[in-house]
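Note: hydrogens, waters and symmetry copies are ignored here, and every other heavy atom, side chains too, is used. Numbered from 1 within each chain, the chains take letters A, B, ... in sequence-line order.
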Protein chains: 2
Amino acid sequence: MSDVTEESSSKTTRELILDEALHCFADRGYEGTSLNDIAAGVGIRRPSLLHHFASKEALYTDVFEMLLSEWLEGLEVAMSSPASGWDKAELVIRAGFDLFARTPDYVRIMRREALDSGVHVGVDLSGFLRPLFDSACAYFTSEMDAGHFRRHNAQHLIITGYGAILTYFSDAPFIDELLNDQALTPENVRDHCDHVVAFFRAALVA
Amino acid sequence: MSDVTEESSSKTTRELILDEALHCFADRGYEGTSLNDIAAGVGIRRPSLLHHFASKEALYTDVFEMLLSEWLEGLEVAMSSPASGWDKAELVIRAGFDLFARTPDYVRIMRREALDSGVHVGVDLSGFLRPLFDSACAYFTSEMDAGHFRRHNAQHLIITGYGAILTYFSDAPFIDELLNDQALTPENVRDHCDHVVAFFRAALVA
DNA sequence: CGCCCTACCTACCAGTAGGTAGCCAGTTAG
DNA sequence: CTAACTGGCTACCTACTGGTAGGTAGGGCG
């Protein structure tokens, strides 16, 4: 039975392991997480965990593929919207914030993977993301050509936006300490999203 | 003592260890780096390394303190410049790019530390950086009050800038793959710096 | 010369990592 | 009732970790 609801009691052990692994890998990284940690979090022993996943690397890859599929789905939906001009850019930014706020652990894993140049994951990370990157570049370029946006180099623009947005989630623990506040409360995420939207609008829309 | 003899340059073994440790920690993180890796990179055995540093943690802390002192010095010089208005903001951004381009390994270590909430380093990271953060906030707030910059929340603005700038260096390996190019060549760094300066100028200067 | 000191070494320690073998309770199928 | 399967367990393996013990080559110096 595959129930789509969030009832934790009905989750299979496999799903519980994936959840715990996601959290541990996001929190302490691949090397910093032991299978004992994950197993203890689930409430079983390490060999039982290895009954569900062939190896640590296989578990990590499964976690990462959950991440990728969720991101691709969420971002492609937003990017394929029929909106245009600034409306579409704002829609994608807000969709990104929603997505990342919902799954901040994914952001931290992605950031760790970017730092490690994707050594731990079998899939070709940049190959997966390049279509989104290219399509975003194409969109901004065409809008700039049409005179709707100020002229910027599209690739640099996307990279700047990628860094500006993801950092708020990946470095949330650090930002917490810097601000003496919780970065990831719904209100603070909304405030920061509004700021980023206004900031990019000011930079792009003449 | 000028112990210039032996194989490499005039650097002491201690300095060679610090250099290699910086590179390893930046590349693979604290947990992902073993003392054997570092020792092998220097060309000695692990116990010899531990003759120069009391423990792995002490070595890491020393590396991190090199980083902090270099950053504090570089950024404080730029931020204490007598310039004002946009000139000063651009000066600080360009100083940051120079600093980070000179020491990209530091950026990656800092990012890892932000992800890990500073567990590996004894010093109070956010306590160290908060003075710079506060002074940057104060500067932007006063300039916005004076009507020189568009109105933005200063804290969010700094965080956005922090993310936008640091990410280019911390995620350079990933960006390399995405662009099929070397992000950290002098020309590409300069191009990206010019873009960030123009982007922030467009967002801030009415 | 003897003596100390630095910088390195080999050999080893206890602890932990990921992973395997095999046993066992509960459930289900025939 | 028995057989097979499922999902957990204990016990164990090898490899490697950070760190220690003890020894040694060589330079400076009274």
Student: Counting only side-chain heavy atoms from C-beta out, which of C:dC9, C:dA7, D:dG8 sits nearest to A:Ser48?
Tutor: D:dG8
Student: Does B:Arg108 come within less than 4.0 Å of B:Asp171, counting only side-chain N to carboxylate O?
Tutor: no
Student: A:Ile17 CD1 to D:dG8 P: how many Å, rounded?
Tutor: 7 Å
Student: Output all residues satisfying side-chain hydrogen bond (donor to acceptor under 3.5 Å, both in side chains) with B:Asp116, sequence neighbours left out; order by chain, then residue number.
Tutor: A:Arg112
Student: Could you check how far NE2 of B:His51 sits from P of C:dT10, rounded to whole Å?
Tutor: 16 Å
Student: What donor-acceptor contacts under 3.5 angstrom involve side-chain atoms of residues 88-102 of chain A, with partners at least two apart or in another chain?
Tutor:
| from | atom 1 | to | atom 2 | distance (Å) |
| --- | --- | --- | --- | --- |
| A:Lys88 | NZ | A:Met79 | O | 2.8 |
| A:Lys88 | NZ | A:Ser81 | O | 3.3 |
| A:Glu90 | OE1 | A:Trp86 | NE1 | 2.8 |
| A:Glu90 | OE2 | A:Arg94 | NE | 3.0 |
| A:Glu90 | OE2 | A:Arg94 | NH2 | 3.3 |
| A:Arg94 | NH1 | A:Asp194 | OD1 | 3.0 |
| A:Arg94 | NH2 | A:Asp194 | OD1 | 3.3 |

Student: Just jot down the salt bridge (Lys or Arg N to Asp or Glu O under 4.0 Å) partners of B:Arg46, sequence neighbours excluded, or say none.
Tutor: none
Student: CD1 of B:Ile44 versus P of C:dC8: gap in Å, rounded?
Tutor: 5 Å
Student: Distance-only criterion, 3.5 Å: show the donor-acceptor pairs between side-chain atoms of residues 16-25 of chain B and protein atoms not counting sequence neighbours.
Tutor:
| from | atom 1 | to | atom 2 | distance (Å) |
| --- | --- | --- | --- | --- |
| B:Asp19 | OD2 | B:Lys11 | NZ | 2.4 |

Student: Residues two or more places apart in sequence or in another chain: which of them pass salt bridge (Lys or Arg N to Asp or Glu O under 4.0 Å) with B:Asp105?
Tutor: none
Student: Report, as a single string ordered 5' to 3', how protein heavy atoms within less than 4.0 Å touch nucleotides 13-25 of chain C: B base, S sugar-phosphate only, - not at all.
Tutor: ----SBBB-----
Student: Phosphate oxygens OP1/OP2 of D:dG7: is one of them under 4.0 Å from a side-chain N or O of A:Thr13?
Tutor: no
